[in-house]
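Report on the structure given below.
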Amino acid sequence: MDLLPDLPNDIALECLIRLPLDQFSIASSVCSNWKREIKHPAFLQRRKDSGLTRPVFALVQAVVTAITQPSGTINLSSTQFYRLALYDPEKGSWYDLPPIPELVDGLPMFCRVVGVGSELVVIGGCDPVTWRVMDCVFIYSFISGTWRRGADMPGDQRLFFGCSSDSERLVVVAGGHNDEKNALRSVLLYDAAGDDWITLPEMAVERDECKCVFYHGKFHVIGGYPTHAQGQFQRSAEAYDTATRQWGLEEDFLCADTCPQTCIAGGDGRLLYMCLDGGVVARCDATWRHVARLPAEISNVAYLTAGQGKLLAVGNSRFGELHSRYELDPISDGKEKSWRKLDTPDEYRGHVQSVCCIEI
């Protein structure tokens, strides 16, 4: 059956891959042929090969509430309830994803979100009302516009773990701490396509509050601290070699003993970025160099992410303020470029506790 009447299927498919992101679920409901084509992994690859994909940022973000003071002034503040918000930099638009049906009180606190293919995966965290640690996995499909439940994360309770994906199929969950606040060396691998968990070899050292990134074709687990030195962040990192199934330890991977939560891989996977001492630095060939100073309004950075050659920084200047967002173009000719503040509606300025970029 033809995808479009009176058109060869290859031409019809060229039309389908040009659909806007927010029209995928609608197009999939038109007929079974369209749904089959759009859901096939080759569809997204064809979009990529044609240069039609674009970055979309997903943020686990607090709901903002307005409080009227006796004087009549209105103060805006973040609540303890979180939802997933999307920022489309091409359109400059913000919007919410549908809530997860099972989570009536919002997303779990301290959950992690990663992009895998044409889907978002939300893992772990704790109940925002009871503070019970959760091992649940929820997956949002941009193709169907719906959520589904994934296989629960196995093993002991785990919180404040590192989490990253290869953007195609695999997700790594590493470190964190258990219910007795003991830092963990254990690592799990989630196959999003097969909905299956695999236990990987343990890391060389315990890593609570570590950061996991996919960098130079390997999963890197960066920084964190062991049980006996809580809060004393380490400079070391470990990279997992899928061929040998072994971890490689690098003692002085970071340039300072600091929290690694702002560490992110650049869009091309060549550079690693992080925030340090009021600025952004980049790692290339084991050397860190200065990239740009941070704007004063986001000197307290919550998260840094990258997409389509740009950096997106989210933060505030002091505790309790709503978050602002700034964008930085690539550095060229050795000149430091300036940040551009994004026009963000107040309802999307709530506290951010996890963010990822997905190319779709």
Side-chain angles (χ1 to χ4, degrees), residues 57-87 94-97 99 103 105-113 122 124-134 159-161 176-177 181 208-209 211 223-225 230-233 256 258-264 273-280 292-305 311-328 339-356:
F57 298 99
L59 303 90
V60 177
Q61 186 173 57
V63 175
V64 174
T65 186
I67 302 174
T68 303
Q69 303 296 321
S71 62
T73 58
I74 298 177
N75 291 340
L76 301 176
S77 63
S78 297
T79 68
Q80 68 177 28
F81 301 105
Y82 286 77
R83 90 294 202 189
L84 260 176
L86 290 186
Y87 170 58
W94 297 81
Y95 58 96
D96 289 355
L97 282 185
L103 303 180
D105 294 314
L107 293 175
M109 299 282 288
F110 315 119
C111 66
R112 300 291 185 248
V113 59
V122 176
C126 57
D127 188 288
V129 176
T130 66
W131 292 91
R132 175 180 61 87
V133 177
M134 305 173 73
L159 204 59
F160 293 112
F161 50 83
H177 66 249
K181 300 296 188 293
D208 197 0
E209 293 194 53
K211 185 65 180 286
Y225 49 81
Q230 289 196 14
Q232 300 177 33
F233 288 98
T258 186
C259 176
Q261 288 308 311
T262 60
C263 280
I264 53 106
Y273 296 92
M274 72 175 296
C275 295
L276 182 69
D277 296 333
V280 175
R293 296 293 302 172
L294 285 165
E297 192 177 5
I298 56 168
S299 56
N300 179 29
V301 174
Y303 273 93
L304 187 71
T305 190
L311 295 178
L312 177 70
V314 180
N316 53 24
S317 61
R318 61 179 183 269
F319 181 77
E321 286 185 337
L322 294 183
H323 282 175
S324 297
R325 289 113 178 95
Y326 280 78
E327 186 179 74
L328 182 71
W339 294 86
R340 180 176 69 89
K341 184 176 181 180
L342 301 180
D343 184 16
T344 308
D346 285 340
E347 63 184 298
Y348 293 106
R349 295 185 59 205
H351 179 267
V352 173
Q353 61 179 25
S354 186
V355 62
C356 75

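Residues: numbered from 1 along the sequence shown. What you see below is based on every heavy atom in this structure, not just the backbone, and it leaves out hydrogens, waters and symmetry mates.
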Do Arg293 and Trp339 have side-chain heavy atoms sitting under 4.5 Å apart? no
Any donor-acceptor N/O pair, Thr305 side chain to Val355 backbone, under 3.5 Å: no
Can Asp127 and Met134 be said to form a side-chain contact (heavy atoms from CB on, under 4.5 Å), step by step? CA-CA 7 Å; Asp127 188 288; Met134 305 173 73; 4.2 Å; yes
Return yes if some donor-acceptor pair links the side-chain N/O of Gln261 with the main-chain N/O of Glu209 below 3.5 Å, else return no. yes
Please check: side-chain N/O of Arg325 versus main-chain N/O of His323, any donor-acceptor pairing under 3.5 Å? yes
Heavy-atom closest pair (Val133 atom, Cys126 atom, distance to 0.1 Å) is CA-CB, 3.9 Å
Spell out, as yes or no, whether a donor-acceptor pair under 3.5 Å connects the side chain of Arg112 to the backbone of Phe161. yes
Just verifying a value: how many Å separate Lys341 NZ and Glu327 CD, rounded to the nearest 0.5 Å? 14.0 Å
Verify side-chain contact (heavy atoms from CB on, under 4.5 Å) between Leu159 and His177, making sure each step is shown before the conclusion. CA-CA 6 Å; Leu159 204 59; His177 66 249; 4.0 Å; yes
Approximate separation, where rounding is to 0.5 Å, of Ile264 CD1 and Leu311 CG: 5.5 Å
Report yes if some heavy atom in the side chain of Tyr87 is under 4.5 Å from a heavy atom in the side chain of Leu342; otherwise report no. yes
Can you find a heavy atom in the side chain of Cys356 that is under 4.5 Å from one in the side chain of Val113? yes
Least distance between heavy atoms, Ser324 atom then Glu297 atom: OG-OE2, 3.1 Å
Between Ser354 and Cys111, the two heavy atoms sitting closest are CB-O, 3.6 Å
Passes side-chain contact (heavy atoms from CB on, under 4.5 Å), Val314 versus Gln61? Steps please. CA-CA 11 Å; Val314 180; Gln61 186 173 57; over 6 Å; no
Would you give the length of the straight line joining atom OG1 of Thr262 to atom NZ of Lys211, rounded to the nearest 0.5 angstrom? 7.0 Å
Can you label the angle between the Phe233 ring and the Tyr225 ring as parallel, tilted or perpendicular, going by 30° and 60°? perpendicular
Starting at CD of Glu347, measure out to CG of Asp96 and round the result to the nearest 0.5 Å. 7.0 Å
Taking every non-hydrogen atom, the tightest pair across Trp94 and Asp343: NE1-O, 3.7 Å
Measure the CG-CG distance between Asp346 and Leu322 for me, rounded to the nearest 0.5 Å. 6.5 Å
For a quick test of reading the model, state the closest non-hydrogen atom pair linking Lys181 to Gln230 and the distance between them. O-NE2, 3.4 Å
Any heavy-atom pair between the side chains of Leu294 and Val280 that's under 4.5 Å? yes
Using the ring of each side chain (for Trp, its six-membered ring), is His351 parallel, tilted or perpendicular to Tyr82, with breaks at 30° and 60°? perpendicular
Non-hydrogen atoms of Phe81 and Asp105 that approach each other most closely: CD2-O, 3.1 Å
Hey, does the side chain of Tyr95 reach the backbone of Leu86 with a donor-acceptor pair shorter than 3.5 angstrom? no
Atom CG in Asn316, atom OG in Ser78: separation rounded to 0.5 Å? 9.0 Å
